[in-house]
Amino acid sequence: RLRVANLHKKELNFKYVVIGDFGVGKTSIIQRYTDGEFSSSYKVTIGADFAVKTLEWDEELRIHLHLWDIAGHERFGTLTGIFYRHSVGAALVFDLTRPETFKSTLKWLTDLRNKVHLPGGQPIPTILLANKGDVTTNTLPNDIDVFCKENQIMAWYITSAKDNVHIDDAMIRLTHAALRNH
Ligand code: GTP
Ligand code: MG
């Protein structure tokens with residue numbers, strides 16, 4: 001009976017964008033999440049890249065997360081709107097070892113909110129990732145809770161692509177929100 005049910009599993013595709021300054025670890029987070037791997041060498045992303053993670057959500061539902069890895073350097077370009085199109089979730093990343101990358105999150109958020117909305121016009125669900133938590137957490141901004149509340153960011157996490165910390169949790173949280181909007 002189960003096997004028959006699985007054949008008819010419902011499939012959903014959710015597009016998420018992963019944004020934030022260059023070098024904060026967007027590609028590393030996606031690679032950790034989709035391949036289970038981490039590389040300490042830095043290969044700058046040009047334009048955008050793309051990977052898929054499939055979640056066996058429950059016995060009736062399979063979800064394909066299409067993770068769009070937007071180059072940090074694209075914030076100064078004109079293509080971000082094209083890359084954001086039809087996304088239903090966003091992970092905004094900054095780097096705990098470079099506090100200036102937290103300041104940039106507001107610019108990314110403004111760019112995102114100006115250019116993409118859910119079909120009903122609401123902003124797309126967004127989570128904030130404080131990455132490289134394996135190196136330091138002393139630099140976590142004091143006002144991060146207020147910042148999230150003021151900017152309609154649903155949750156924040158200290159993550160590490162290197163040590164695989166909180167990346168699954170963050171994506172699951174975003175997926176619950178995407179499902180509510182679906
Ligand atoms: P752009 O493509 O230029 O926008 O950068 P990016 O955000 O994709 O950064 P990328 O994932 O390429 O990571 C930049 C550097 O930080 C690389 O050397 C990574 O190995 C390193 N890095 C990424 N995540 C972590 C982490 O969680 N911990 C540590 N220690 N290093 C990390
Ligand atoms: Mg990259």
Side-chain angles (χ1 to χ4, degrees), residues 14-54 64-116 124-142 144 147-148 151 153-175:
F14 288 158
K15 174 179 172 179
Y16 297 161
V17 289
V18 182
I19 57 176
D21 271 0
F22 67 90
V24 298
K26 300 176 298 295
T27 300
S28 301
I29 287 168
I30 292 170
Q31 194 175 16
R32 165 59 77 189
Y33 191 53
T34 60
D35 297 342
E37 283 174 7
F38 174 78
S39 158
S40 56
S41 68
Y42 177 24
K43 285 194 209 80
V44 177
T45 304
I46 308 293
D49 210 338
F50 170 89
V52 178
K53 170 85 172 181
T54 297
H64 305 282
L65 303 182
H66 296 241
L67 302 168
W68 284 55
D69 178 7
I70 313 298
H73 292 289
E74 279 302 329
R75 183 160 63 79
F76 307 103
T78 52
L79 290 175
T80 54
I82 291 166
F83 297 141
Y84 298 160
R85 194 170 293 166
H86 304 308
S87 58
V88 296
L92 176 53
V93 186
F94 72 99
D95 179 344
L96 284 166
T97 71
R98 289 186 299 144
E100 68 276 15
T101 63
F102 176 68
K103 297 224 165 67
S104 298
T105 58
L106 198 51
K107 294 172 195 152
W108 278 102
L109 205 54
T110 304
D111 190 58
L112 182 78
R113 299 266 163 89
N114 282 339
K115 292 176 179 169
V116 67
I124 66 173
T126 304
I127 53 170
L128 181 63
L129 306 183
N131 192 42
K132 308 194 189 180
D134 58 283
V135 182
T136 183
T137 54
N138 297 332
T139 49
L140 191 72
N142 289 322
I144 193 162
F147 178 81
C148 288
N151 293 291
I153 294 169
M154 52 183 280
W156 62 269
Y157 296 84
I158 294 171
T159 58
S160 168
K162 187 172 179 221
D163 291 348
N164 195 19
V165 176
H166 287 159
I167 295 170
D168 290 83
D169 296 347
M171 294 301 178
I172 295 292
R173 183 75 182 267
L174 196 53
T175 303

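Just follow the structure's listing: the first ligand is 1, and inside any ligand the first atom is 1.
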Checking a contact table here: which protein heavy atom is nearest [atom], and how many Å away?
atom: atom 12 (O) of ligand 1; result: Y42 CD1, 3.2 Å
atom: atom 20 (O) of ligand 1; result: S39 O, 2.7 Å
atom: atom 24 (N) of ligand 1; result: N131 ND2, 3.1 Å
atom: atom 8 (O) of ligand 1; result: T27 OG1, 2.8 Å
atom: atom 18 (O) of ligand 1; result: S40 O, 2.9 Å
atom: atom 7 (O) of ligand 1; result: K26 NZ, 2.7 Å
atom: atom 27 (O) of ligand 1; result: A161 N, 2.8 Å
atom: atom 9 (O) of ligand 1; result: G25 N, 3.1 Å

Can you sort out which atoms of ligand 1 are near [X], meaning under 4.0 Å from one of its heavy atoms?
X: G72; value: 1 (P), 4 (O)
X: F22; value: 1 (P), 3 (O), 4 (O), 5 (O)
X: V44; value: 2 (O), 3 (O)
X: S28; value: 10 (P), 11 (O), 13 (O), 19 (C), 23 (C), 24 (N)
X: D134; value: 26 (C), 27 (O), 28 (N), 29 (C), 30 (N)

Decide whether T101 and D95 meet the rule of one side-chain donor and one side-chain acceptor closer than 3.5 Å.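 No pair is found: no donor N or O on one side chain lies under 3.5 Å from an acceptor on the other.
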Pairing donors with acceptors under 3.5 angstrom, does anything connect the side chains of W108 and D21?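 Indeed, the side chains of W108 and D21 share at least one donor-acceptor pair under 3.5 Å.
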Taking all non-hydrogen atoms of both residues, which atom of [X] and which atom of [Y] are closest, and how far apart?
X: I127; Y: A170; answer: CD1-O, 3.5 Å
X: V93; Y: T105; answer: O-CG2, 4.4 Å
X: L174; Y: M154; answer: CD1-SD, 4.4 Å
X: S160; Y: D134; answer: OG-OD1, 2.8 Å

Table please: side-chain donor-acceptor pairs of residues 36-43 below 3.5 Å, with sequence neighbours left out.
| from | atom 1 | to | atom 2 | distance (Å) |
| --- | --- | --- | --- | --- |
| S39 | OG | S41 | N | 3.2 |
| S39 | OG | S41 | OG | 3.0 |
| Y42 | OH | G23 | N | 3.3 |

Which one of F22, F102, Y157 satisfies the ring-ring contact (aromatic ring centres under 6.0 Å, His included) criterion with F94?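 Exactly one candidate clears the test, F102.
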Report the residue from T137, I144, V165 that forms a side-chain contact (heavy atoms from CB on, under 4.5 Å) with I158.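 Between I158 and the candidates, side-chain contact (heavy atoms from CB on, under 4.5 Å) is satisfied uniquely by T137.
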Nearest-0.5 Å distance that lies between atom CG in L140 and atom CG in L96: 6.0 Å
Centroid-centroid distance, F50 to H66, less than 6.0 Å: yes
Using modelled atom types only, decide if a donor and an acceptor are shared between the side chain of K115 and the backbone of T80 within a distance under 3.5 Å. no
Salt bridge between D69 and K26, side-chain N to carboxylate O under 4.0 Å?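 The answer is no: the pair does not qualify as a salt bridge.
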Please state which part of [X] comes within less than 4.0 Å of ligand 1, counting heavy atoms only: side chain, backbone, both or neither.
X: T159; value: neither
X: T45; value: both
X: V135; value: side chain
X: A71; value: backbone

Do any protein N, O or S atoms sit under 2.8 Å from the Mg ion (ligand 2), and which ones are they?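 Result, waters dropped: T27 OG1, T45 OG1.
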Pairs involving residues 162-174, ordered by first then second residue, that meet side chain to side chain donor-acceptor pair (under 3.5 Å) (sequence neighbours left out):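 Side chain to side chain donor-acceptor pair (under 3.5 Å) check on residues 162-174 returns no pairs.
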Only distances under 3.5 Å count here; give the side-chain donor-acceptor pairs of residues 83-91 to other protein atoms, sequence neighbours excluded, each with its distance to 0.1 Å.
| from | atom 1 | to | atom 2 | distance (Å) |
| --- | --- | --- | --- | --- |
| Y84 | OH | D111 | OD2 | 2.7 |
| S87 | OG | Y84 | O | 2.7 |

In terms of its nearest heavy atom to atom 15 (C) of ligand 1, the top option of K162, K132, E74 is K132
Check: G23 N/O within less than 3.5 Å of ligand 1 N/O: yes
